[in-house]
**Q** 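I have a structure here, written as structure tokens, and I will follow up with some questions on it.
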Amino acid sequence: MQNALASAGYPSRVLVACSGGPDSLALAAVAAYFARRGHVDGHPVSVAGVVVDHQLQAGSAEVAARTASVLRELGLSPVEVRTVEVASTGFGPEAAARDARHAALESAADHLGCDAILLGHTLDDQAEQVLLGLARGSGTRSLAGMRPARGRLLRPFLGLRREETLEICEVEELDPWHDPSNADPAFARSRTRVEVMPVLEEKLGPGVAESLARTAAILQQDADFLEDLANETYLSLVQRVDDGAWLPEDAVRELPAALRFRVIAKAAADVGGQQPGYGRLQAAEALLRRQGSAGPVELPGHVSVYRLSLSDLEQEGPVSAGASSAFSAGAAADGVPRLAPRCGKLVFRHQKPSQQ
Ligand SMILES: Nc1ncnc2c1ncn2[C@@H]1O[C@H](COP(=O)(O)OP(=O)(O)OP(=O)(O)O)[C@@H](O)[C@H]1O
């Protein structure tokens, strides 16, 4: 906890996000210790609490109210209960609940003037995340797992085992709530937690969870490095136009694959899309090997990507009226106008859902 707060520059007002489960209840207990002392390493600190009621289970309001009163007894102040409506986002119920929860946590932090939000994720959560990512064939970014700090979200328990958070609850005489969905075999995450990890630890020896978490830590460094490089490369190549952006295809084609895929994903995000999965990225990247103009390939978040070949450019061939705006000279990200390169273009356009 101390290290997490120190590396975040000693936030003066922190918010503990607590479900009532063992991990975040232990987190609240440790944070309350610092609240009672009133400082961390001599830096003044106060600690508030928030409990989100997702309204997804019968009795969720009672669980939230009970958890809030435990937080108050621990000395957190003020403590809020936020009730959210979990809307379907098309990415599954767990992701929808997480999105709603994160929005509520950010809004509570704004409301309470908190400069840090503490989450109770543990080393076990990290290990499960890496294992699930491997099982899905994920890339570096996903296998890098959860960050100890992202924006004002901090995860001070990322190095702690789940059994240690249970111990903290026991020592503090706290009676954690056990979320039945954590053991629901309908969720891959629950099956990993309840059925897969214990077998791995038994068959491969203790320390498997630590090893998986270490993989995440190593890949975080690699992912950060590649992301920075891809960002720089993207900004040096992109030309933005009214309804999107384009990249000179020769330059993109010559990039190492690790950068090529990332640069394409960045272009999609830059024009307003969402992070594409690997299959969609492969389809977009394959446009670079097509003859003549090709596409569009649809990417998530209403983004179309297509290739305009040099011959079409010169002959003003089968270029659609809408696409032609992509040819007008654009300013690169640094604001300096560039001459169009002597090659085709990979064009990214965002289409508003209402236009479809
Ligand atoms: N309903 C909630 N209200 C407030 N914070 C929450 C809520 N659910 C989860 N969180 C926060 O997100 C973290 C991760 O939640 P998740 O459900 O993935 O983990 P968990 O292992 O079940 O954690 P816990 O034992 O704390 O419930 C929690 O430790 C907590 O900090």
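Whatever order the structure lists them in is the order used to number ligands and atoms, beginning at 1. For this chain, numbers begin at 1 and follow the sequence in order. Since the structure is predicted, the reported quantities are computational estimates derived from the model, not experimental observations.
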**Q** Once side chain to side chain donor-acceptor pair (under 3.5 Å) is applied, do any residues pair with Thr192, and if so which ones, sequence neighbours excluded?
**A**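 Per chain and number, Thr192 pairs via side chain to side chain donor-acceptor pair (under 3.5 Å) with no residue.
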**Q** List the protein residues in contact with ligand 1, where contact means a heavy-atom separation under 4.0 angstrom.
**A**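 Under the 4.0 Å cut-off, ligand 1 touches Ala17, Cys18, Ser19, Gly21, Pro22, Asp23, Ser24, Val50, Val51, Val52, His54, Arg101, Leu119, Gly120, His121, Asp125, Asn182, Arg193.
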**Q** Is there side-chain contact between Arg161 and Asp124, with heavy atoms separated by less than 4.5 Å?
**A**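 Contact flag for Arg161/Asp124 side chains = yes.
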**Q** What residues, two or more places apart in sequence or in another chain, satisfy side chain to side chain donor-acceptor pair (under 3.5 Å) together with Gln57?
**A**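 Checked Gln57 against side chain to side chain donor-acceptor pair (under 3.5 Å); matches are Asp179.
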**Q** Under 3.5 Å, which donor-acceptor pairs do the side chains of residues 3-17 form with other protein atoms, sequence neighbours left out?
**A**
residue : atom : partner : partner atom : Å
Ser7    : OG   : Asn3    : O            : 3.1
Ser7    : OG   : Ala4    : O            : 3.2
Tyr10   : OH   : Asp41   : OD2          : 2.5
Arg13   : NE   : Leu112  : O            : 3.0
Arg13   : NH1  : Ser46   : OG           : 2.5

**Q** Using distance alone, with no hydrogens and no angle criterion, decide if Glu80 and His111 have a side-chain donor and acceptor under 3.5 Å apart.
**A**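 Indeed, the side chains of Glu80 and His111 share at least one donor-acceptor pair under 3.5 Å.
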**Q** Would you say the side-chain atoms of Ser107 and Asp110 include a donor-acceptor pair closer than 3.5 Å?
**A**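 Their side chains do not contain a donor-acceptor pair, so the 3.5 Å distance test is not met.
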